[in-house]
Amino acid sequence: MTTTARSVTDQLSEGLRTALAAAGLPPLAECVWEVPREEAHGDYATNAALVLARAARRSPRQVAESIVGHFPALSAVGRLDVAGPGFINVTLAPDWCRAALPEILAAGAGYGAGEDGRGRRIRLEFVSANPTGPLVIVNARAAAVGDSLARLLRSQGYGVTAEYYVNDAGNQFLALARSFEARVRQALGEDAALPENGYPGEYLIDLARDYLKDHPQVTRESLEVIPAVDALRDKSWLDELGGWAVARIVEGQKKVLHDYGVDFDVWSSEQRDVRDRALPEQVLRELAARGLAYEQDGALWFRASQFGDEKDRVLRKSDGELTYFAVDVAYHHYRKFADAGRVVNLLGPDHHGYVTRMRAAMQALGHPADAFDVLIIQLVTLLREGQPVRMSKRRGEFVLMEELIEEVGRDAARFTFLTRRHDSPLEFDLVVATRQSAENPVYYVQYAHARIASLFKQAAAQGIAVPDRGSVDLAPLALPEELSLVKRLLQFPNLVAGAARALEPHRVAYWLQELAGQFHPYYKVNRVLGADRALTVARLALCAAVGQVVRNGLALLGVSAPESM
RNA sequence: GCGCCCGUAGCUCAGUCGGAUAGAGCGUCGGACUUCGAAUCCGAAGGUCGCAGGUUCGAUCCCUGCCGGGCGUACCA
């Protein structure tokens with residue numbers, strides 16, 4: 001891994017600690033280095049003096065002067081200034097910055113990787129839509145965020161299990177099975193009505209036709225022996241029907257996600273992986289053994305209120321059925337935490353009331369509070385020309401994820417979702433996104449990459465060989481824009497590490513726009529392939545590094561980096 | 001009623017752990033292609049950071065109240 005590039009702030013922090021000790025100032029719990037908004041304020045700034053002023057009983061500026069006076073000489077540091085109320089501004093040494101360029105090129109696809117997660121495992125569940133129909137827009141958002149998170153975390157050394165959990169049991173499954181049965185009967189010419197709370201989507205009609213094609217033995221006559229009343233009929237009939245429908249629907253979901261660039265490590269099943277293994281019963285006993293479950297009104301309750309929830313929660317209903325909560329607790333405890341020390345779930349906003357009780361249960365079972373995280377993926381409001389598109393699974397009206405991919409494209413869709421915080425609701429205008437596709441931010445970033453790729457083709461065509469990166473003389477990179485581009489590239493590892501730590505992939509998307517926004521004007525004004533061979537080679541090295549970082553950043557978002565567009 | 005999230009430019013959204021003169025894209029207006037890709041670039045206009053207090057060297061950020069929007073508040077999943 002690179003030595004200079006990765007550790008700019010590490011080096012500065014070390015220098016700061018040394019300076020504090022030498023100046024007889026109290027140590028800092030944490031050294032904070034931020035990139036100032038104003039370029040005139042240097043490349044990195046710390047508020048250390050402002051923080052320490054009170055304890056030191058001196059003015060912030062005096063403290064800052066003292067720190068600067070004792071700051072060790074570092075090759076990375078060009079200048080130290082005390083500014084404003086007592087900030088210490090660091091300007092990096094140009095030679096040191098330029099020297100980082102070959103290191104970025106040498107690191108290649110690994111530039112931006114980190115070690116934060118080394119030896120740690122994370123179980124990351126996302127999308128997990130009910131297997132009652134095709135995926136829709138909000139699932140595309142969750143898929144973009146979840147998949148990017150997985151990539152980010154892996155880049156920092158975490159072992160990530162990306163999981164899709166299929167709720168193929170319980171009430172929704174029954175509703176689907178009954179709806180499907182009605183569609184099958186209709187396909188056979190029966191006058192069967194959809195059940196109440198059924199799923200009216202047209203996809204079940206098509207699916208019913210397919211089912212009959214695969215099962216010629218199922219006829220109107222063969223169904224006559226099956227009673228219409230649930231209680232009287234063999235449960236296995238509905239299980240068989242529902243199971244078949246779920247398998248087909250899940251298959252379809254898997255395909256759409258794959259086309260979107262999202263592939264899961266694990267497709268788990270509520271029925272197969274939890275219920276069939278009797279894990280819920282086991283966790284009920286476990287909770288009872290810990291004195292955290294009790295019977296009341298014929299139901300079994302979990303003492304959630306002992307762990308910060310506002311009330312106790314039902315695990316087993318008085319009719320003997322398990323709640324969804326009980327099944328989920330069992331699954332998290334016995335399966336997810338067996339695989340990883342940390343569990344992160346991406347859920348819809350309708351589940352935010354669920355988070356507290358789930359965390360309560362995890363704590364009750366001995367998992368640390370911070371080992372369990374839920375990210376709420378907010379809703380997507382879909383518009384066409386500013387008009388809301390009604391989406392209702394109930395009524396069978398919605399815009400499908402595959403329609404979104406078809407209409408705006410996979411890269412544009414993913415990038416758009418990743419330029420918003422995941423917990424902020426977003427409006428997505430299909431028409432506008434399509435019409436403005438050429439001005440979409442994703443193309444701005446991709447274009448930078450394509451331009452650089454094209455530049456190297458051009459260079460090759462002119463017979464300009466790019467010399468070995470170790471031997472490139474970078475001194476010709478003397479323009480302020482060039483130095484400032486290199487400095488931005490140096491921010492990348494810190495940025496990626498921060499985005500991974502905060503579970504916020506949108507930071508990467510924004511940063512890439514800023515990088516492209518710095519590259520395009522530079523490239524427009526300054527010619528790379530020119531008469532001055534030394535300058536040409538140095539600039540080629542710079543462009544190669546920019547291209548590499550754009551590629552690495554887009555890879556973290558799951559967005560392609562095209563050679564041409 | 002109680003709890004959580006959200007109110008930032010005309011629109012869609014960033015703003016890191018409380019930092020310096022609050023940003024970007026789109027849209028609007030005005031410019032730039034004989035040269036490595038104009039999916040680009042240069043410039044302009046655009047703000048009571050919902051409102052009112054508080055905390056402190058400093059608040060878009062933290063605290064309290066209010067206004068406005070969304071969601072939750074099941075022996076549903």
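Convention: sequence-line order gives letters A, B, ...; per-chain numbering from 1.
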Report task. Please work out which residues in residues 311-323 of chain A have a non-hydrogen atom less than 4.0 Å from an atom of RNA chain B and list them by number. Result -> A:K311, A:V314, A:K317, A:S318, A:T323
Report summary line: Here the residues of residues 408-421 of chain A within 4.0 Å heavy-atom distance, strictly under, of RNA chain B are A:T419, A:R420, A:R421
Return the stacking result for [N] and [X]: yes when the ring centres lie under 5.5 Å apart and the planes under 30°, no otherwise.
X	N	result
A:F87	B:rA20	yes
A:Y324	B:rC76	no
A:H41	B:rA20	yes

**Report entry** Any side-chain donor near an acceptor of the partner, A:H506 and A:R420, under 3.5 Å
**Finding:** no
Query raised in the report: Which listed nucleotide (B:rC76, B:rC5, B:rA20) is nearest to the side chain of A:N171?
Result: B:rC76
Query raised in the report: With respect to the side chain of A:P85, which nucleotide from B:rU35, B:rC57, B:rC75 is positioned closest?
Result: B:rC57
Name the nucleic acid region contacted by [X], choosing base, sugar-phosphate or nothing; use a 4.0 angstrom heavy-atom cut-off, strictly under.
X	result
A:P349	sugar-phosphate
A:D297	base
A:L379	nothing

Tell me which donor-acceptor pairs under 3.5 Å the side chains of residues 350-364 of chain A have, and how far apart each pair is, sequence neighbours excluded?
unit_1, atom_1, unit_2, atom_2, d
A:H352, ND1, A:P349, O, 3.1
A:Y354, OH, A:D328, OD2, 2.8
A:R359, NH2, A:F372, O, 3.0

Requested in this report: First locate atom CG of A:L12, then atom CG of A:L92, and finally report the distance between them rounded to the nearest 0.5 Å.
Outcome: 7.0 Å
Query - Point-to-point distance, once rounded to the nearest 0.5 Å, from CG of A:L554 to CZ of A:F415 - result: 7.0 Å
